[in-house]
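Down below is the structure, laid out as structure tokens.
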Protein chains: 2
Amino acid sequence: MALSEPFIKNHDCADCPIRHRAVCARCETDELRELEEMKFYRTFEAGQTVIWSGDRMDFVASVVEGIATLSQTMEDGRTQMVGLLLPSDFVGRPGREIAAYDVIATTTLTMCCFRKKPFEEMMAHTPHIGQRLLEMTLDELDAAREWMLLLGRKTAREKIASLLAIIARRDASLKLATTRRKIVFDLPLTREAMADYLGLTLETVSRQISALKRDGVIVLEGKRHVTVPDFDRLLGETGDDADGGLPT
Amino acid sequence: MALSEPFIKNHDCADCPIRHRAVCARCETDELRELEEMKFYRTFEAGQTVIWSGDRMDFVASVVEGIATLSQTMEDGRTQMVGLLLPSDFVGRPGREIAAYDVIATTTLTMCCFRKKPFEEMMAHTPHIGQRLLEMTLDELDAAREWMLLLGRKTAREKIASLLAIIARRDASLKLATTRRKIVFDLPLTREAMADYLGLTLETVSRQISALKRDGVIVLEGKRHVTVPDFDRLLGETGDDADGGLPT
DNA sequence: CGCACCGTTGACGTTACTCAACTAGAGTGG
DNA sequence: CCACTCTAGTTGAGTAACGTCAACGGTGCG
């Protein structure tokens, strides 16, 4: 395993890109100062494993930059992604010693880490953290349930369209964008990672992407660069109702 | 919709069967008294809809007795169960006005309800409730992720075996049981509900149950009464590793 | 009795998986 | 510069698993 940068300068919390969305979002200045003292940054290269399921995990963390995946693997190698970790998402469960999932960096990844013990102690006397974590966990639960509908009931084509819509939406919100006109983004996942996300094989993913391309729902340049000429058309392919099926 | 009993006597919290597992588990005597004053019981008959997705929801609740399901339906009628609500489980999301899922009583159902506004106000000054709710939500998230693996990667046979194992385990823990010897329980779900749980059709469910019966993994009396002569054998059919695949 | 509901089973169709060959780029080294 | 290799991705042919459609059995109920 490549040695990850040992010298990483911490952001100042005030400048932190995820300051108002992460687990610390509700913290006051003094609480932030307390967190600031205990935090430490870690970075991982694309493809590196952050944690193996079953490993002892002595920290919790927020994703600051980059993308990671949360996944489960069966004995015979079948794997299912169960979470996609984007900036501001939280990793680790207070009160749990042992990681339940594999966490793998998909891109270069920077995490803002806290040793578990001190973090838990701070949680005990800082309601803002627990409140925010509850809110975030409820959101994740909603996302997981949306995902369950996808896994259990959607066709391969609908699955791909849904994934593209999710990525497109996220990218759009990130670039505070022009949701109305055509959307352009790069797929952050390999075909295999998409397959693990969607409960498909990579061949099926490839075929369905080709089909969507052939049908003009998307335009591809290279393997990863996607243009969606008509977002509503894409939404129509997801199987969800008009608004995109997000829990209301 | 049949009129549900208008006169339901509330349990005394002290005698409540879910006292130490529900959202109120950590509450002190005085906090409990406050809850006691605002709570009200509602019952529903088997098959009755508790809430429709999209409805305004002005209460939150704990399941006291009985079973309910949480599910999503697509426009064309495909439906996926996304939660199975057992005694002590919590229904409703603080801070959300509109229900995101259909909640349907599977058996006769008793719920301990709180109007949302007062409950939220109480949460604000009672950390014990938020703490417990966070814990419960994290557990649900783990269960949802286990379920995602099932939906995305397991075969029909493994799905059925997994569901039977889950029900068996729950029943065993409820009857503080004899997990070692043979296990007997009644399926609380119709074949159709199982299909919605597992992302299958009811015919496939029926066929796989027949196959497990034929292979001696289970013994059926009538349609619903199940005996598992060898629980380890059943676990072997789930595709999980020996311990049953629960997050550790 | 007739009906509704739940469940089973069979025949057949479709979707997505498996196995395999092949292409396109990116990097490496002579 | 040209092989050579590696990885990611595409595509095709054949197949297995599950879905669809349909018939039928048992049970409970008005």
Side-chain angles (χ1 to χ4, degrees), chain A residues 45-48 74 76-80 104 106-107 150-164 186-215 218-226 237 239, chain B residues 2 45-48 69 74 76-80 104 106-107 150-164 186-215 218-226 237 239:
Chain A
E45 296 158 29
Q48 240 189 313
M74 296 169 67
D76 61 5
R78 284 177 278 176
T79 89
Q80 174 65 51
I104 300 173
T106 289
T107 62
L150 178 151
L151 289 172
R153 293 304 187 193
K154 290 191 177 178
T155 64
R157 185 181 175 98
E158 288 169 340
K159 287 177 174 181
I160 297 288
S162 300
L163 176 57
L164 293 175
D186 283 297
L187 286 171
L189 303 175
T190 65
R191 300 290 185 263
E192 189 182 14
M194 291 189 248
D196 286 345
Y197 188 111
L198 300 171
L200 298 171
T201 58
L202 64 90
E203 293 94 331
T204 300
V205 169
S206 185
R207 275 186 251 274
Q208 295 299 334
I209 288 179
S210 298
L212 289 174
K213 183 172 74 177
R214 196 169 49 244
D215 299 347
I218 58 173
V219 179
L220 272 186
E221 288 161 87
K223 314 297 188 184
R224 300 289 195 92
H225 193 76
V226 179
E237 298 282 356
Chain B
E45 298 158 28
Q48 241 189 313
T69 64
M74 296 170 67
D76 61 6
R78 281 175 281 174
T79 88
Q80 174 65 51
I104 299 174
T106 290
T107 62
L150 179 150
L151 289 171
R153 294 303 187 193
K154 289 190 179 180
T155 64
R157 184 181 176 98
E158 288 170 339
K159 287 178 174 181
I160 298 288
S162 300
L163 175 57
L164 293 175
D186 283 295
L187 287 171
L189 302 175
T190 64
R191 299 291 186 263
E192 189 182 13
M194 290 190 250
D196 286 345
Y197 188 111
L198 301 171
L200 298 170
T201 59
L202 64 89
E203 293 94 332
T204 300
V205 169
S206 186
R207 274 187 252 273
Q208 294 298 335
I209 288 180
S210 297
L212 289 174
K213 183 171 73 175
R214 197 168 48 243
D215 299 346
I218 57 173
V219 178
L220 272 186
E221 287 162 88
K223 314 297 188 187
R224 300 286 194 95
H225 193 75
V226 179
E237 296 284 354

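Quick note on labels: first sequence line is chain A, next is B, and so on, each numbered from 1.
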> Residues in salt bridge (Lys or Arg N to Asp or Glu O under 4.0 Å) with A:Arg157, at least two apart?
Replying inline: A:Asp215, A:Glu237
> Quick one: side chain to side chain donor-acceptor pair (under 3.5 Å) partners of A:Thr79, sequence neighbours excluded?
Replying inline: A:Asp196
> Rounded to whole angstrom units, what separation is found between the CG atom of A:Asp186 and the C1' atom of D:dA8?
Replying inline: 15 Å
> Could you give the distance from CG (A:Leu163) to CG (A:Leu198), rounded to the nearest 0.5 Å?
Replying inline: 5.0 Å
>> Rounding to an integer number of Å, can you tell me how far A:Arg191 CZ sits from D:dT7 C1'?
In response: 13 Å
>> List the residues meeting side-chain contact (heavy atoms from CB on, under 4.5 Å) with A:Ser206, not counting sequence neighbours, and say none if there are none.
In response: none
> For B:Ser210, which residues count as a side-chain contact (heavy atoms from CB on, under 4.5 Å) partner, sequence neighbours excluded?
Replying inline: none
> What residues form a salt bridge (Lys or Arg N to Asp or Glu O under 4.0 Å) with B:Glu203, not counting sequence neighbours?
Replying inline: none
> With sequence neighbours excluded, what pairs up with B:Lys223 under the side-chain contact (heavy atoms from CB on, under 4.5 Å) test?
Replying inline: B:Arg191
>> Below 4.0 Å from chain B heavy atoms, what is the first contacting nucleotide of DNA chain C and what is the last?
In response: C:dG7 to C:dA11
>> Using a 4.0 Å heavy-atom cut-off to protein, can you give one letter per nucleotide of nucleotides 11-30 of chain D, 5' to 3': B if the base is in contact, S if only the sugar-phosphate is, - if neither?
In response: BBB----SSBB---------
>> Restricting to side-chain contact (heavy atoms from CB on, under 4.5 Å), what partner residues turn up for A:Thr107, sequence neighbours left out?
In response: A:Ile67
